[in-house]
Each structure stands twice: as structure tokens, then as C-alpha cells.
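When a residue number appears, it is its place in the shown sequence, counting from 1. Computed from a predicted structure; not experimentally measured.
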Amino acid sequence: MPTREPARSHGRHTSARISARRSAGDVFAGLLALVVLIALVGGVPYALLTFVGPPLRPELLDLETFTGRVGPSTIVAVLVLLVWLAWFQLFACVLVEVYAGVRRVGMPARVPLSGGTQALANKLVGAVLLLFTTGAMIAPIAKLGPAPAAPPVTAVAYSAPIVEKQLETNKTKKVYVVQPPHGRHHESLWEIAEKCLGDGRRYPEIYRLNQAKEQPDGSRLRMADLIRPGWVLDMPDDARHVHIVPVDQPRDQTLREHPGRAQVPDGRIHGEVEKEETKRGGAKHRLPEQQDPRQEEQPTVIREAQDNELVEYLAAASLAAAGLLLVLARRRREQLWRRVFGRRIARPRGDAAEAEVALRLGGDAPGARILDIGLRLLGAQLAAQHRTPPTVYAAHLSPRTLDLWVHPPDADPPPPWTAQDGGQVWRLPAHEGRLLEDQPGGAPYPGLVSIGTNSHGRVLVDLEAAQGLINVRGPQTTAALAAIAVELATNRWSDGMRVTLVGFGEELTAIAPDRIRAVGGLAEVLPELEAAAAPRREVLTGRITGSPRDAHYLLSSVAPTHEEARRLALLARRDTAGYVVAGDVPHATWTLEITDDGKAKIAELGFEVDAQLLPRRHYRALVDLFRTAGRMDGESIPEPEPLAGTQPPAVEIRMLGPIEVLGLGPLEEGRMALATELLVYLATHPGGVHPVVLGGVLWPRGVQEMVRDATIARVAEWLGPRHLLTDEAGRLRLGPEVRTDWALFRELVRRSHGDPTARSVLLEKALGLVRGPLLTGRPPGRYAWLAAEDLEYDVAAEVADAAHQLCELRLAQDQPDAAVAAVRAALLLAPDDEGLWRDLLRATHATEDVVRLRAVVEGLTRRAASHPYGGGMAPETEALIEELLPTWRIHVVRESSA
């Protein structure tokens with residue numbers, strides 16, 4: 001029979017209570033455990049004292065015992081001591097388990113050298129606590145639904161306890177029957193999770209429960225976005241609006257007995273619920289692949305690592321991820337050049353947003369920098385010694401070293417490189433590489449590209465070193481070629497790179513149009529390649545002496561004809577370039593084999609690694625990400641929710657600068673970063689977040705349930721019951737006395753729009769909250785979820801807009817110094833917003849201090865020339881400088897010459 005939704009209470013909010021469901025078996029087990037505990041804790045020491053005496057008998061206190069002969073009494077004394085020590089160990093385990101169960105501190109502390117003993121104590125204490133208390137048995141919010149009389153919002157009593165198992169759990173389960181489509185609308189796991197679990201982002205739970213299980217039509221669930229009508233889905237224990245069936249009932253029988261929808265509490269069918277939600281303005285959500293493209297607002301989905309292939313592939317490609325992020329940042333800077341007042345730059349959604357999350361998780365910018373600077377330094381030092389660079393067949397980058405496999409072997413590399421294995425390997429320690437300064441020299445080995453990883457690090461091969469064709473084979477040939485293309489086109493250690501793609505990759509030009517071109521067949525490019533061929537020694541010498549030739553690489557997913565293969569083989573032997581060709585090519589020097597299980601093998605080099613691949617879905621996600629970064633129209637900024645007041649809160653989370661949490665006590669060393677990120681996420685999602693979703697956000701590569709629950713329990717204890725609440729669907733949210741400086745900033749700006757007399761004061765007060773870049777000091781690898789959120793985009797745009805408004809007001813009031821101060825405050829957080837720099841130029845010009853204006857221009861020019869993302873400065877900014885300070889270029893030239 002269908003389950004019913006718990007009734008809502010309308011009175012004063014009280015704490016949720018979960019009734020104890022103790023059976024006769026539970027009572028008997030608890031009593032038996034109590035008897036055993038009393039016997040072990042009290043009976044054992046009583047018996048020892050009565051029959052054998054205290055732990056330390058006189059024989060052990062006599063020093064001659066350790067130098068003379070050992071008699072039977074001494075052996076008995078030692079055995080008695082060992083028994084006492086075993087009892088003391090058991091007693092300590094019982095104390096630890098009782099403390100953890102009663103105080104609800106999460107996972108019990110581990111007693112040293114007592115694995116089996118503590119496991120026994122855990123079972124005994126758990127059974128006794130189940131007998132005498134329900135408070136210690138409250139299950140994690142992620143597992144249980146609301147109590148029958150639970151109010152909409154209650155204080156959290158969160159812990160990581162022993163979960164009470166109901167007898168009926170072993171006999172029944174909850175299921176959902178996927179319904180036929182209504183018109184063009186098909187059900188998705190997102191919608192089912194939203195209706196039955198209260199949060200669409202919990203759909204991975206349903207996916208894991210049903211993955212690969214046979215359905216009534218004989219098919220199986222393979223992808224989270226492909227479900228079929230008539231499938232019977234197992235549901236989590238806290239699901240609502242479902243059917244309850246015997247746990248061993250076949251799915252086809254369930255479908256026969258329950259062909260219709262489970263009834264919702266008031267008896268309406270799901271279609272009527274949809275109509276009611278439509279009347280209330282509620283948007284129906286689907287998985288990203290199923291989103292209606294006309295729908296402007298799409299749900300943010302951050303999946304758990306077990307289901308997130310984008311994280312699995314893109315985060316693993318650490319060097320490619322670092323290069324992609326660098327190119328993406330350049331595009332975003334160009335977007336900011338053209339951002340208009342009142343709009344934010346366009347942000348990615350769906351798979352494109354998840355792709356950026358994965359890139360942020362995996363991007364190895366330090367490793368890419370060591371590889372880039374180390375190679376350039378090596379080239380410069382060899383050029384200074386008038387030495388021709390050796391052939392580098394491959395490289396291995398690990399957290400500890402960068403190794404180059406060179407030919408011919410040379411035992412005399414320039415420092416800080418050292419020779420290993422008789423000069424076959426040149427090694428740069430990572431700690432030395434991190435200390436290297438940027439090098440102006442050329443890139444000697446632009447063809448180095450990752451083919452995959454082993455247990456120690458990342459393996460790269462130099463496409464040029466084959467000095468012949470490289471044949472790629474296997475079922476995932478195009479995915480391997482796409483991964484090579486993306487890394488080649490975005491890496492730091494290449495100058496003047498050109499990549500020609502044959503038979504695939506036309507969309508990849510969106511990522512690097514200046515480096516990538518796509519053609520349909522080899523016949524289109526062979527004449528050009530043959531005309532531009534150049535000998536290897538000449539090219540290598542030119543790269544390190546300042547007369548480089550553009551590096552050129554051809555990647556073909558089209559198998560060549562016999563004649564094309566012959567011409568390519570001849571070309572590859574005499575040209576310094578790289579040629580990677582799919583199909584069965586008889587003239588290949590190396591063969592890169594991609595196996596069914598995702599391994600990459602090059603038999604000629606003896607390599608077998610986990611292949612770096614870019615499957616079709618990931619390829620499309622990256623293309624969409626960069627196409628979004630190419631949009632210059634921007635997006636509207638949503639209106640903020642009004643605050644009840646602006647008085648100081650009990651707890652303040654400061655994000656507009658260095659991360660700070662005010663109003664709470666200290667936290668155990670090493671736990672603050674994770675706890676703060678949890679608070680920031682909850683604070684920026686006031687509608688509430690389910691613990692399962694929170695786990696996927698904070699640990700995108702996956703986390704054990706007990707670790708997640710223990711973390712939330714720790715934060716709940718740190719905050720206190722007033723400040724961390726849970727609603728009837730199990731979602732966590734912060735209490736009304738917790739506030740962010742960002743929320744206060746938006747409220748002050750909102751009020752300034754409705755109060756012209758106090759507008760300047762309110763805007764000035766808002767900008768006074770800005771202390772630096774958003775969430776300064778966040779640990780590397782954390783807060784990757786920001787890529788799929790509005791926060792970064794909204795903060796940068798709204799802070800810049802507030803400063804622009806205040807600058808205009810102060811200039812109108814003939815207060816140029818105050819206008820300059822307003823803009824400089826915003827530049828602390830949004831230094832790449834070119835509109836702010838133009839405001840600063842105009843405000844500084846209004847002070848009529850030419851020296852001050854020239855200082856701003858020179859600082860802006862230096863910043864544009866050395867910006868890590870490159871790109872110079874916006875044309876509009878240069879035009880404004882020409883108008884305000886016509887002689888600026890003369891001073892720039894003089895400064896450069898000096």
C-alpha cells in the first residue's frame with residue numbers, strides 16, 4: 001500500500017524525535033550484552049583479586065628476579081600481569097565506546113593494539129545502548145526520513161551512530177515504477193529523486209541501487225540519464241510516494257501488481273502535482289543531458305565521484321587540465337573586457353560546468369610550470385654551451401622529479417639537471433624546479449604530450465622523437481587522438497604550435513582556433529606538409545638559439561591509403577614534426593595501442609600506462625565550455641533575497657577576501673578548511689542541501705559515508721543546535737543568525753537603489769566589506785564546485801557595478817579622490833574587470849594630477865604586459881589612455897629601453 005507523507009505541524013518548532021522500535025530480540029540481546037559487560041568489567045577483576053591477587057605480585061617487585069633463575073612463581077606472576085593488562089585494555093575499550101555512544105561524538109577513538117577487543121566492546125555497548133536509550137541511536141539524516149510528527153525545520157542532532165535496523169526492513173523494500181511519457185515529457189532520475197527524496201541532486205543514490213540490475217523488459221540500467229517506462233526502481237529507505245513490496249519480489253511481478261503511480265498524500269496523481277507545481281511557478285528539473293535548451297535556468301548538478309565520468313577522465317588529465325584552465329582564463333578575461341554594467345559574464349551549465357569542476361580538481365599547474373621552465377632552462381643552457389639538444393624520447397613527471405629519457409646517453413647535463421642510469425635519464429628534482437624563475441628561452445621539445453599515467457606519475461612521449469609515423473590502434477582511437485590534440489593545443493611548453501586534425505575534431509577549434517585546424521582528408525594537407533619539411537638538427541638548434549620554426553603535428557583518425565602512407569612515412573623520416581595516424585599502417589616507427597581496458601601501450605618503448613582519453617561526451621563538454629567563454633552578450637544578474645536586518649549576526653562567514661568565520665570557537669587543527677568550506681556551501685544555498693549532495697560537493701572523487709557523517713556531526717557540534725537546522729526532507733541549512741558578508745553586501749546595495757539620499761553612504765559601506773579576492777586562501781583542490789555555481793560570476797560583477805555607481809556619484813559630487821578610493825576597493829576583488837580600470841583612469845584624471853595619472857597608466861601597462869593570462873589590455877582602455885594622456889606611449893618606450 002502506498003506510503004503517506006508525514007503531517008506538518010504548525011505550532012512552535014520542537015526538536016525531532018525518532019521513536020525506538022525495539023523488538024523482543026533486541027531486548028534479549030541487550031540484556032545478554034549487559035550481563036556479559038558486567039561480568040567482564042566487574043566480575044573479572046573481582047575474580048582476579050580474590051583468587052590470584054593484584055596485578056603486580058611480590059615476585060615482580062624483586063630485582064633479583066631479572067638476574068637470577070626464573071622459577072614457577074615468577075612465571076605465574078607474569079601470566080597474572082598479562083591477564084590484568086588484557087582486562088585493562090578491555091575496560092579502556094568499553095569506556096571509549098560508551099563515551100562515543102552516549103555523547104554522540106561520531107566514530108569512537110581507536111584504542112591502540114586492540115582491534116578485536118574493541119570490536120567486541122563496540123557490539124556489547126551498542127546492544128546495551130539500544131536497550132536503554134534512543135538518543136544514541138538516532139540514524140544519520142542521509143538515511144532516515146522524517147518522523148511522523150516532525151515539523152518543517154528542526155535543530156540538527158547529527159551523528160555517525162550505529163543504525164537501528166527495523167525488522168520489516170528485511171522483509172520489504174520501496175520501489176518506484178517508471179511511467180510512460182506524457183506527450184513529449186519523459187521521466188528522469190532527477191525528477192524521481194526530486195519527488196520521492198525531496199532533492200533531485202540525490203539521483204545518484206537511485207542509480208547506484210539499480211545499476212546493472214535486470215528490469216522487466218530484460219534490459220539494465222547503464223547510464224543515469226537513460227531509463228525506460230515500465231522499469232521498477234529500488235528506492236532508498238527514506239523515499240516517499242513509492243510502493244512497498246516484499247524484498248524478494250521479482251520486478252515483473254511488481255510491475256503487474258503496481259502498473260500505476262504510487263499515490264501522493266492527498267490522492268492526486270503525479271500529473272496533477274505537476275500542474276499544481278506549474279501554477280506555483282516550480283520548474284521541473286532533468287539531468288543535464290535532458291534539459292530543455294530553451295530553459296534559461298538549469299539545475300546545478302555536482303555528482304558523486306562514482307557516477308561522474310567527467311571527473312574520472314578530465315581530472316586525471318592533469319597537464320591538459322592545467323593548460324585548458326589557462327586558456328579558459330584568457331577567454332574569461334576577454335569577456336570581462338566587454339562586460340556591460342548590470343550583467344555578468346556568461347557561465348557554463350550542465351556538462352560544461354561539470355567539465356570545469358573536473359579541470360579545477362585535476363589541473364596540475366605547478367607540474368606544468370616545472371615542465372615548461374625546466375625545458376626552457378635546459379635549452380638555454382645547452383645553447384650557451386653551443387651543444388645540440390639530445391633527442392628526448394619520453395618524460396616522466398611525478399610529484400618528486402621530472403625525468404627525461406635522452407638519446408644518445410649523456411652523463412653531463414647542465415645543472416640543476418643530473419644524470420641517471422649512465423646518462424640515459426636526465427633528472428630535475430621537483431624542489432629544484434619549483435625554485436626556477438621564468439625563462440625567456442625557446443621551447444626545445446614542444447611535441448611532448450601525455451599518453452597516460454602509471455602508479456608513480458605521468459608519462460609523456462615526444463611525437464617528434466619517433467622520426468617516423470606513429471600508428472594508433474584500438475577501439476578508442478579517436479578518444480586518444482582528441483586527448484593528444486587538446487593537450488598539444490593548450491600546453492605551456494610549446495611555442496608557435498600548429499595541430500592539423502584529419503577526419504575529426506572540427507569543434508575543437510573553439511578551444512584554440514590559433515593552434516588547431518581540421519580538414520576532411522590527408523590529401524588536403526600532404527602537399528603543404530611536404531613543401532614545409534625541415535631537418536631535425538636545424539630545427540632543434542633554431543629553437544634554442546632564437547630562430548625557431550613553428551612546431552607542426554598531424555593527427556589523423558582516417559586510415560591512409562597505401563600511397564598516402566608511403567608519402568607520410570617518407571615525410572616523417574626527414575621532417576621535424578609529429579605524425580600520428582589511425583588504421584593499419586605498415587611503415588610506422590611506433591605503435592600506440594589503446595586496449596579495451598583503457599591501457600596505452602608502446603611496445604617499442606616498453607610503456608604500458610593507463611591511457612589518457614577524451615571520450616565523446618567529455619569532448620563535447622569541453623567544446624561547450626569554451627563556446628560559453630566566447631559569448632560576449634553576458635547574462636542578467638538575479639535579484640537578491642532581502643535580509644531582515646543588517647545588525648551584526650551571531651556567526652559571520654566572511655568571503656569577500658580571506659576566508660574567516662567569526663563568532664565560533666576554535667576547531668581541531670587540520671579540520672578548519674573542510675569545515676569552513678562546508679559552511680560556505682550551506683551559506684550560499686539557503687534552500688538547504690541534503691547530506692548526500694553535500695558529500696558529493698566536498699568530496700567529488702568520493703567519500704565513505706561514515707567520514708561524511710562524522711564531518712557533518714563535527715560541524716554541527718561546532719556551530720551548536722541553533723545554527724544548523726534540518727527540514728523534513730533531511731536537508732541541512734544554516735540558521736537565521738548565521739550570515740555572510742556577501743549577503744550583507746547585496747542587501748546594502750539593494751537598499752541604496754531605493755534611498756537616493758543615502759545611496760553614496762550605503763554603497764561606500766558595502767564596498768568597505770571587500771578585503772580582497774573572493775575566498776582568498778582557499779586550499780588547492782578545494783572549492784572546485786564554484787565552477788558550477790553563480791557565486792564567482794555574481795560577486796565579481798556586482799562588486800564592480802557597485803564601485804562604478806559610487807565612482808559616478810562621487811565624480812558628480814566633485815569628489816574625485818573618493819571616486820578613486822571606491823574603484824580601488826573593488827579592484828581588490830575584481831582586478832581583471834577592465835571597466836574598473838577605465839573608471840580608475842577617469843577618476844584619477846579628474847584629480848588633475850598628471851603624475852598620479854601617469855603612475856596609474858604605467859602600472860596598468862606593466863600589469864597587462866606581465867599578466868599570467870596574457871592578452872594585453874582592452875582596445876577601449878588603450879583608446880581612453882590615448883585621450884587622457886596622449887604621451888603615454890613615449891614614456892612606456894623610454895621605460896622599456898631603460
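In this view, Trp742 and Phe745 satisfy the ring-ring contact (aromatic ring centres under 6.0 Å, His included) rule, not counting sequence neighbours. Applying the ring-ring contact (aromatic ring centres under 6.0 Å, His included) rule to His723 yields no partners; only residues at least two apart in sequence or on another chain are considered. Applying the side chain to side chain contact (heavy atoms under 4.5 Å, CB included) rule to His845 yields the partners Leu853, Leu884; only residues at least two apart in sequence or on another chain are considered. In this structure Arg631 satisfies the side chain to side chain donor-acceptor pair (under 3.5 Å) test together with Asp633, sequence neighbours excluded. Taking Ala673 as the reference, Pro779 meet the side chain to side chain contact (heavy atoms under 4.5 Å, CB included) condition, with sequence neighbours excluded. For His753, the ring-ring contact (aromatic ring centres under 6.0 Å, His included) test picks out no residue, with sequence neighbours left out.
A salt bridge links Arg771 with Glu660: at least one charged nitrogen is closer than 4.0 Å to a carboxylate oxygen. The pair Arg671-Glu668 counts as a salt bridge, with a side-chain nitrogen and a carboxylate oxygen less than 4.0 angstrom apart. No salt bridge links Arg838 with Glu834; every basic N to acidic carboxylate O contact stays at or beyond 4.0 Å. Using a cutoff of 4.0 Å between basic side-chain nitrogens and carboxylate oxygens, Asp727 and Arg733 are not scored as salt-bridged. Remark: Arg330 does not engage Glu334 in a salt bridge, criterion side-chain N to carboxylate O under 4.0 Å. A salt bridge does not link Asp794 to Arg347: none of the charged side-chain nitrogens sits closer than 4.0 Å to a carboxylate oxygen.
Here the closest non-hydrogen pair linking Arg339 and Ala797 is NH1-CB, 3.7 Å. A pairwise comparison of heavy atoms in Pro666 and Trp718 identifies O-NE1, 4.0 Å as the closest pair. Heavy-atom minimum distance, Pro348 versus Arg332: CD-NH2, 3.8 Å.
When Gln335, Glu792, Glu635 are each tested for a side chain to side chain donor-acceptor pair (under 3.5 Å) with Arg344, only one passes: Glu635.
With hydrogens and angles ignored, the 3.5 Å screen pairs no side-chain donor or acceptor of His804 with any backbone N or O of Ala800.
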Discussion item. Walk me through whether Asp755 and Thr757 qualify under side-chain hydrogen bond (donor to acceptor under 3.5 Å, both in side chains).
Written reply: CA-CA 6 Å; Asp755 190 352; Thr757 59; 2.6 Å; yes
